[in-house]
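The model shown is predicted, which means the values in this text are computed figures rather than measured ones. Side chains included, hydrogens not; waters and symmetry mates left out as well; all remaining heavy atoms used.
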Amino acid sequence: MSKEFEFEIVREFEVDASPEQVWDAITTGTAGWLWPMEYEPREGGAAPFGGTVTAWDPPKRLTGRVENVEGMSQQTLNQLDHVIEPREGGGSWVRYVHSGILVEDWDNQYDGASKHTDFYLHTLRQYLLHFTGRTAVFATVDGPAASQAADALDVASRGLGLPDEVAEGATVRIEAPGAGPVEAVVDYRNPYFVGLRTDTAMYRIFGRNHFGAPVGISVHDFAPGADSKAIEGAWRTWLDGLYA
């Protein structure tokens, strides 16, 4: 019998965006910072992954709850709760709580979820600060099995032209598959993830090799005419060649 593990990941942060802008980002603008998701706009409505909206109070609170998570045998309950309050002097305070029950490989699952949460919420703040209200095309692709190697994220970083010593805040010139040479700000960098932001896109590189999975790439492209299939094709070709 699998051992169940109840978990809770809590994050609080402030951002220079109105509660209405935060609300729009987490309900209808998710392609710009996470992945495309839809919430039926009412309590009791449909939430992503076969879930239910258990709190719908714009722009103050959104909660979605999923039991027997679709496509995830290692999780039987998943809930995302967002509380948004106006900040004195402008902007918003946000409390995000991800909770649920894990039933398999829970230590690794929790560690991965916790680290991913920090990266996703950072990307949300980047979206709110630089792209709020703009429509994004979302593209995502995973690397081949060889990208599960211990140094796979470093290989991807170097492949893009990112020097090992470059830290967050630096502006670099990278070779973005499908986009060519572009100037980008390194908006996030640690041993697990790399975030790059240009004037028209955010590139997210996930070192999931640290959690037993291939390296992943997500692109949030705000340029007119951006094509998700073309973006995914370019990155897949690049990843396959990089780890061949």
Hey, does the side chain of Ser147 reach the backbone of Pro144 with a donor-acceptor pair shorter than 3.5 angstrom? yes
[X] with [Y]: basic N within carboxylate O range, under 4.0 Å:
X: Asp81; Y: Arg61; result: yes
X: Glu67; Y: Arg65; result: yes
X: Asp151; Y: Arg158; result: no
X: Glu12; Y: Arg95; result: yes

ring-ring contact (aromatic ring centres under 6.0 Å, His included), paired with Tyr188, selected from Tyr203, Phe206, Tyr120, Phe119: Phe119
Are side-chain heavy atoms of [X] and [Y] found at a separation under 4.5 Å?
X: Leu196; Y: Val185; result: no
X: Tyr127; Y: Leu34; result: no
X: Tyr243; Y: Val215; result: yes
X: Val182; Y: Arg173; result: no

In terms of heavy-atom contacts, Pro191 and Leu153 come closest through O-CD2, 3.3 Å
Would you confirm whether the ring centroid of His116 sits within less than 6.0 angstrom of the ring centroid of Phe193? yes
What I want to check is whether the side chains of Asp111 and His210 have a donor and an acceptor closer together than 3.5 Å. no
